[in-house]
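Reading through the structure tokens given below for one structure.
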Amino acid sequence: MKKNNTFLKVTAGIAIALVSFSCTNDDVTSETPDNHKKAVSVVARIGDGDSQSDTRLTYEEGGIQPDGSASMVVKWEKEEKIAIFHISGGKWLDDYAWSMDFDIMNSNASDLSADRKSTVFKGEVTTGEDNMIYCAIYPVPQELKSINVSGETTLYYIVDMAQTQDCNNPTAHLKEHDILTCSGVYDFEDIDFMHGLTVLRFDLTLPEAKEIKEIALSTSWEFFITSMQIRLEGGNSGPYPYPIESADKITLPLLNAKADNKVKAYMMVMGKSFEKDTPLTVTATAVDGTVYKKDFKAGIEGTLRYGKCYSIVKTLEKQ
């Protein structure tokens, strides 16, 4: 296949398993045990390469290859927060349930390394039971809820995948949608985060210079996840994404775009399985209503891996 017909090119990151379960929407309550707190300090690092976990807070392109693929350099910002959940409850690990209450740890500028790939989170975490187990989530969840899944209490929060790109800072919107998790935390020396989602990078060429107001990627069925739950089940399985709404098209509005024949954009998506012949259409719509698009095939077979960055490099045609 020719270079310009290849849809997805893997660049950097680490995979995390996706598990699906049947569920109901019955809300249940969760009691919080009367536990104590202890002060902890944990080092969080940003790794390089496929063999290491990779946290993120601010994104930069690390270099464009001749084939159009890109690496993403990820750095901590000056002040960050992470959520620490703890397991409490049953006699056996599988009987344990994550507490609805969670602790928050903070970092600040004084703990940043010179290259901003290492920082320290400090705070108090819940203690009080034998063999306490913790997991970490970034960013801090909002509106935590609980449901009954196969007879077990499962905590979750909703992530809406709608995104808008400010072309003055084209990767800033990735931060709030790239879910980072770490399960099986037994001590607080280091936390190795894993990505929960995937980056799509668009490198589009237009036949003329235009100010583009939005780009879109579509296919012939409801393939793209538009809303998901981040779930924590009983036991030590840790957090994982669970799709709840899908569509045949995802759209990225662009703010502060300049008239140009080049469009560069980024979207955070949930990993899905492709077949080589999966039909796709990428579309760019200008402020004046002019539409440019390109139909193509996915060109790869397999699953979009979590933590990877995949490039869509296309020359669009005026409609």
**Asked** Any sub-3.5 Å donor-acceptor pair from H173's side-chain atoms to M268's backbone N or O?
**Response** no

**Complete:** Rounded to the nearest 0.5 angstrom, the CD1-OG distance for I87 and S183 is 9.5 Å

**Side chain proximity check, H86 to I133, heavy atoms < 4.5 angstrom** = no

**Message:** Assess the residue pair I212 and L206 against the criterion (side-chain contact (heavy atoms from CB on, under 4.5 Å)); give the C-alpha distance rounded to whole Å, side-chain angles, the decisive distance to 0.1 Å, and a yes or no.
**Reply:** CA-CA 10 Å; I212 299 301; L206 309 177; 3.7 Å; yes

**Message:** To the nearest 0.5 Å, what is the distance between OG on S246 and CE on M228?
**Reply:** 11.0 Å

**Complete:** Rounded to the nearest 0.5 angstrom, the OG-CZ distance for S311 and F202 is 10.0 Å

**Request:** Over all heavy atoms of both residues, which pair between M105 and V40 is shortest? Give the atoms and the distance, please.
**Result:** CE-CG2, 3.5 Å

**Asked** With side chains defined as the heavy atoms from C-beta onward, is the minimum distance between E211 and K258 less than 4.5 Å?
**Response** no

**Message:** For a 4.5 angstrom cut-off between non-hydrogen side-chain atoms, does I312 reach F296?
**Reply:** yes

**Message:** Once side-chain hydrogen bond (donor to acceptor under 3.5 Å, both in side chains) is applied, do any residues pair with T164, and if so which ones, sequence neighbours excluded?
**Reply:** none

**Item:** Atom pair NZ/OG1 of K145 and T154 - distance to nearest 0.5 Å
**Value:** 15.0 Å

**Item:** With K38 via side-chain hydrogen bond (donor to acceptor under 3.5 Å, both in side chains) - residues at least two apart
**Value:** none

**Contact check, side chains of Q229 and P241, non-hydrogen atoms, under 4.5 Å** = no

**Request:** State which residues pass ring pair (Phe, Tyr, Trp, His ring centres under 6.0 Å) with Y292; sequence neighbours excluded, sorted by chain then number.
**Result:** none

**Message:** Pair I137, L180 - check side-chain contact (heavy atoms from CB on, under 4.5 Å), show working.
**Reply:** CA-CA 6 Å; I137 294 178; L180 300 179; over 6 Å; no

Side-chain donor-acceptor pairs of residues 278-291 under 3.5 Å, sequence neighbours excluded:
from : atom 1 : to   : atom 2 : distance (Å)
T278 : OG1    : E275 : N      : 3.1
T278 : OG1    : E275 : O      : 2.8
T281 : OG1    : D295 : OD1    : 2.5
D288 : OD1    : T290 : N      : 3.0
D288 : OD1    : T290 : OG1    : 2.9
D288 : OD2    : K210 : NZ     : 2.4

**Asked** Considering all heavy atoms of both residues, which atom of A83 and which atom of F102 are nearest to each other, and what is their separation?
**Response** CB-CD1, 3.7 Å

**Request:** Taking salt bridge (charged side-chain N to carboxylate O under 4.0 Å, His left out) as the test, write out the residues that go with E317, two or more places apart.
**Result:** K294

**Message:** Are I179 and Y157 packed together at the side-chain level, in the sense that at least one heavy-atom pair is separated by less than 4.5 angstrom?
**Reply:** yes

**Message:** I'd like to know if the side chain of H177 reaches the main chain of D160, judged simply by a donor and an acceptor atom lying under 3.5 Å from each other, with no hydrogens or angles considered.
**Reply:** yes

**Message:** Using only atom types and a distance under 3.5 Å, with no angle test, would you say the side chain of N261 pairs donor to acceptor with the backbone of T205?
**Reply:** no

**Message:** With a 4.0 Å cut-off on N to O distance, would you call K314 and D203 a salt bridge?
**Reply:** no

**Asked** In Å and rounded to the nearest 0.5 Å, what is the CE to OG1 distance from M161 to T226?
**Response** 9.5 Å

**Prompt:** What do you reckon, is CD of E143 surrounded by more than 12 foreign heavy atoms closer than 6.0 Å?
**Reply:** no

**Asked** S107 pairs by side-chain contact (heavy atoms from CB on, under 4.5 Å) with which of L112, I82, T119?
**Response** T119

**Prompt:** Considering only heavy atoms from C-beta outward, does the side chain of I230 approach that of Y156 to under 4.5 Å?
**Reply:** no

**Message:** With a 4.5 Å cut-off on side-chain heavy atoms, are Q165 and I215 touching?
**Reply:** no

**Message:** Using a 6.0 Å distance limit plus a 45 degree cone around the ring axis, check whether R231 lies over the aromatic ring of Y242.
**Reply:** yes

**Asked** Hey, what do you get for CG (N106) to CD (E79), rounding to the nearest 0.5 Å?
**Response** 8.5 Å

Give every donor-acceptor pair under 3.5 Å between a side-chain atom in residues 249-257 and any protein atom, sequence neighbours left out.
from : atom 1 : to   : atom 2 : distance (Å)
N256 : ND2    : D166 : OD1    : 2.9

**Asked** Between S227 and I158, is any pair of side-chain heavy atoms under 4.5 Å apart?
**Response** yes

**Asked** Taking the six-membered ring for Trp, are F188 and Y134 ring centroids under 6.0 Å apart?
**Response** yes

**Request:** Using the six-membered ring wherever Trp is involved, compare the ring planes of W98 and F85 and label them parallel, tilted or perpendicular (cut-offs 30° and 60°).
**Result:** perpendicular

**Request:** Check the pair T219 / D248 against side chain to side chain donor-acceptor pair (under 3.5 Å), numbers first and verdict last.
**Result:** CA-CA 6 Å; T219 188; D248 60 2; over 6 Å; no

**Message:** Applying side chain to side chain donor-acceptor pair (under 3.5 Å) to D101 and S99, what does each step give before you reach the verdict?
**Reply:** CA-CA 5 Å; D101 293 334; S99 173; 4.8 Å; no

